[in-house]
Amino acid sequence: MADPKPRKLSLTSRLLSSLKSKKSPNKNRNPSWASSSDVGSEIGPLSANSITSGISKMSFGDEEEVFIDIQTGERRDDTEMLHSLAHHGSFGSLKSENEQRFGEDSIPGERLFESLPEGVWGCVIGYLGMSDLAAFAFCCKTFRGRLGREVWPILNKPENRDEKLQFLVKLDSSLPSHLLCPLCAIYHRRTRIGDEKLKATHVLNPIFNCLYANEPTELPIRTRLVPGHRLPFTFVQLALRALNYGPQYGIPYSKLDRRLKDKESDWTHQIRYYHHKGHLLLRSTSKTFASPGLTLSGQRHLLYSREDYTPYFSVCAHWQNGLLMDLCKCALSHIPVPVDPITSQLKRGPQITLSRPAKAIVTLCGKCRPMRRCPSCPTEYLIEIRLDEDRSEPNPVARFKQTIVVTRWSDLGDGTIPMGSREWMAINGVGEFEGLDSVGKRGISGTFESQNGVAIPGQRMLNLNPKNKTDGEEGDDWY
Ligand SMILES: [Zn+2]
Ligand SMILES: [Zn+2]
Ligand SMILES: [Zn+2]
């Protein structure tokens with residue numbers, strides 16, 4: 001565009017060039033999964049065509065420009081106007097605020113905004129990313145009239161899928177019967193409203209009609225909990241929407257709780273959820289009877305599922321990097337080996353060892369007893385050896401057995417969109433994770449357990465991966 005007077009650039013041109021050069025601050029932390037071709041041509045339930053107003057032609061001042069009032073010749077300070085633009089409530093409340101400040105005869109909010117000088121608009125728009133611009137244009141007729149319609153087709157381009165999702169997620173509170181699909185970047189209609197049930201992984205369980213539901217994707221749209229059970233992201237969405245906006249938006253998070261028994265082993269799992277500061281927290285407790293004196297191959301047999309050589313208990317994506325499996329083996333090694341009966345001992349020789357009563361409480365060592373926090377995602381682990389009743393044991397004397405119990409706590413994120421939730425991405429091994437914002441000093445385990453007034457016994461919290469290994473499956477310590 002060869003315009004000799006840069007001050008006469010239209011708002012749209014200014015907008016386009018600003019969007020090309022600037023990315024939303026959230027963008028950097030999103031992995032580049034969204035480069036695939038555009039799936040849907042809709043913009044969710046909204047259509048650009050439904051917006052009828054044309055594009056306003058406006059001119060802008062340079063960013064450093066000082067505004068001079070044409071009538072009075074005075075230097076004008078737009079600070080106050082910019083402050084009123086930062087208003088977060090509705091125009092109704094703006095109106096009443098206005099009335100309070102300036103009396104009932106003051107200008108209604110929309111007209112006040114309409115009368116803002118173009119330069120002020122330019123300043124404000126310059127600060128917005130694409131999804132915020134779209135939201136701005138969607139918020140009322142005045143804003144749309146000022147911004148025009150061009151942002152919709154731009155947002156709908158395949159390369160702007162992340163921005164489109166970030167815009168669509170802002171509409172979540174107004175769409176109780178729909179659920180935002182991160183694969184299509186469309187709100188699908190829920191086909192089983194309020195009756196969505198979490199089922200085993202092998203059961204086909206669509207809760208909306210999505211063409212891409214069974215297509216392979218790099219996006220973690222579900223996370224593995226235990227063998228045969230995964231948690232789809234849609235259920236995190238449903239649980240948090242119900243909490244945030246009301247029951248008609250999803251399902252109670254308690255409906256996700258499960259008690260599971262593994263088909264091929266003695267492992268049992270108890271999976272529970274809790275919420276904290278808009279995030280869904282997970283606690284998964286898995287246990288199995290553990291014989292004393294297991295050899296290394298016996299320990300492996302006990303800990304790893306033959307299905308995928310992943311632990312039977314629930315783990316984050318980084319379990320192969322740190323000490324987790326070593327610590328489990330260490331804990332198993334503390335189970336005391338019972339002494340042979342005296343008759344068997346005498347057959348070997350005259351020396352005998354008298355058996356002592358089996359210790360109910362096995363003390364773990366300074367390495368395997370402390371809680372461990374994964375440095376790469378919001379997950380904490382606790383390994384315990386506990387005495388538990390085996391009801392299938394016919395011999396009443398041997399009914400109480402030592403069990404290994406592995407508990408995992410994780411922060412599953414805010415349930416908006418997978419790539420918008422760095423906790424969800426991190427537990428699934430995608431993206432960088434720098435630390436916890438949402439749970440504070442108590443950690444995820446402390447926050448989770450405080451819901452029942454239970455304080456976790458004063459365990460130290462150590463790093464799960466103190467040597468900061470990142471070899472994953474290539475490393476040699478995990479098996
Ligand atoms: Zn879809
Ligand atoms: Zn130990
Ligand atoms: Zn992790």
Side-chain angles (χ1 to χ4, degrees), residues 195-203 205 207 220-243 250-276 279-289 302-305 307-308 310-319 324 328 371-374 377-384 386 388 403-415 418 421 423-424 426-429 438-439 443-452 454 456:
D195 198 35
E196 289 100 344
K197 288 194 181 76
L198 186 58
K199 295 189 176 155
T201 306
H202 66 272
V203 181
N205 183 28
I207 57 169
I221 51 168
R222 51 185 77 89
T223 196
R224 178 193 187 275
L225 294 178
V226 292
H229 283 267
R230 286 166 190 263
L231 176 70
F233 185 79
T234 44
F235 281 83
V236 182
Q237 280 176 302
L238 287 169
L240 287 169
R241 276 163 48 108
L243 272 168
I251 53 169
Y253 67 90
S254 58
K255 289 224 169 150
L256 305 179
D257 290 353
R258 288 290 177 278
R259 277 174 184 277
L260 303 165
K261 163 90 183 75
D262 193 73
K263 285 197 182 81
E264 279 142 33
S265 70
D266 281 334
W267 282 90
T268 54
H269 314 280
Q270 191 196 41
I271 299 167
R272 300 203 60 179
Y273 298 86
Y274 183 49
H275 64 97
H276 179 72
H279 285 218
L280 194 67
L281 307 185
L282 159 82
R283 180 185 66 197
S284 170
T285 306
S286 304
K287 62 180 182 182
T288 189
F289 296 110
L302 187 76
L303 297 172
Y304 296 92
S305 162
E307 191 183 280
D308 52 3
T310 303
Y312 278 113
F313 49 88
S314 190
V315 287
C316 69
H318 317 98
W319 66 274
L324 187 62
C328 289
M371 297 189 75
R372 296 279 176 167
R373 175 176 288 160
C374 177
C377 81
T379 297
E380 294 160 14
Y381 296 95
L382 179 67
I383 303 161
E384 296 163 285
R386 283 193 220 152
D388 212 354
T403 55
I404 179 166
V405 186
V406 185
T407 306
R408 167 199 179 183
W409 293 266
S410 280
D411 182 345
L412 303 177
D414 64 7
S421 169
E423 289 83 5
W424 175 268
I427 61 163
N428 289 294
S438 57
V439 293
I444 304 158
S445 49
T447 305
F448 196 103
E449 301 313 322
S450 67
Q451 64 175 308
N452 302 321
V454 179
I456 292 192

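- Although no hydrogens or angles enter the test, the distance criterion places a donor-acceptor pair under 3.5 Å between the side chain of Arg408 and the main chain of Val315.
- Atoms CE and CG, from Met371 and Leu382 in turn, are 5.0 Å apart once rounded to the nearest 0.5 Å.
- Atom OH in Tyr312 sits 13.0 Å away from atom OG1 in Thr268 (nearest 0.5 Å).
- Rounding to the nearest 0.5 angstrom, the gap separating the CD1 atom in Ile427 from the CG atom in Leu282 is 7.5 Å.
- Checking side-chain atoms of Trp319 against main-chain N and O of Thr310 turns up no donor-acceptor pair under 3.5 Å.
- Partners of Thr223 by side chain to side chain donor-acceptor pair (under 3.5 Å), not counting sequence neighbours, listed by chain and number: Asn428.
- Counting only residues at least two apart or on different chains, the side-chain hydrogen bond (donor to acceptor under 3.5 Å, both in side chains) pairs with a member in residues 233-242 are Asp172-Arg241.
- Closest heavy-atom contact between Arg230 and Leu198: O-CD1, 4.1 Å.
- Looking only at distances, a side-chain donor or acceptor of Glu380 sits under 3.5 Å from a matching main-chain atom of Ser445.
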- [ ] Dump the intermediate steps for side chain to side chain contact (heavy atoms under 4.5 Å, CB included) on Leu412 and Leu231, then the final yes or no.
- [x] CA-CA 10 Å; Leu412 303 177; Leu231 176 70; 3.6 Å; yes
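- Residues Leu280 and Tyr273 share a closest heavy-atom pair of CD2-CD2, 4.0 Å.
- With sequence neighbours excluded, no residue forms a side chain to side chain donor-acceptor pair (under 3.5 Å) with Asp266.
- Heavy atoms only, all atoms of each residue included: Pro311 and Arg224 are closest at O-NH2, 3.3 Å.
- Here the CD1 atom belonging to Ile207 is positioned 11.0 Å from the CG atom belonging to Asp195, to the nearest 0.5 angstrom.
- Of all the heavy atoms in Leu303 and Cys328, the pair that sits closest is CD1-CB, 3.9 Å.
- Residue His279 forms a side-chain hydrogen bond (donor to acceptor under 3.5 Å, both in side chains) with just one option from Thr447, Asp414, Asp411, and that option is Asp411.
- A search for ring pair (Phe, Tyr, Trp, His ring centres under 6.0 Å) contacts involving Phe313 returns Trp267, not counting sequence neighbours.
- Within the 3.5 Å criterion, the main-chain N or O of Thr379 finds no donor-acceptor partner in the side chain of Ser410.
- Residues that satisfy the side chain to side chain donor-acceptor pair (under 3.5 Å) test with Arg372, not counting sequence neighbours, are absent from this structure.
- Using a 4.0 Å cut-off between charged nitrogen and carboxylate oxygen, Arg283 and Glu449 count as a salt-bridge pair.
- The main-chain N or O of Lys255 is found under 3.5 Å from a side-chain atom of Arg258 such that the two form a donor-acceptor pair.
- Summarising the geometry of Ser286 relative to Ser314, their closest heavy-atom pair is OG-N, 4.0 Å, with the distance given to 0.1 Å.
- With hydrogens and angles ignored, the 3.5 Å screen pairs a side-chain donor or acceptor of Thr201 with a backbone N or O of Gly228.
- Ile221 places none of its side-chain heavy atoms less than 4.5 Å from the side chain of Pro232.
- The ring pair (Phe, Tyr, Trp, His ring centres under 6.0 Å) test applied to His275 returns Tyr253, not counting sequence neighbours.
- The NZ atom of Lys197 sits 9.5 Å away from atom CZ of Phe235, with the distance rounded to the nearest 0.5 Å.
- For the atom pair NE2 (His269) and NE2 (His229), the distance works out to 8.0 Å, reported to the nearest 0.5 Å.
- Across every non-hydrogen atom of Cys377 and Cys316, the tightest pair is SG-CB, 3.5 Å.
- The aromatic rings of Tyr274 and Phe448 sit perpendicular, their planes meeting at an angle over 60°, well past the 30° parallel limit.
- When atom types are taken as modelled, the side chain of Asp388 and the backbone of Phe289 share no donor-acceptor pair closer than 3.5 angstrom.
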- [ ] Show your working on side chain to side chain contact (heavy atoms under 4.5 Å, CB included) between Ile271 and Leu260 and close with a plain yes or no.
- [x] CA-CA 8 Å; Ile271 299 167; Leu260 303 165; 3.7 Å; yes
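- In the displayed structure, Lys261 atom NZ is contacted under 6.0 Å by more than 12 heavy atoms of other residues, nucleotides or ligands.
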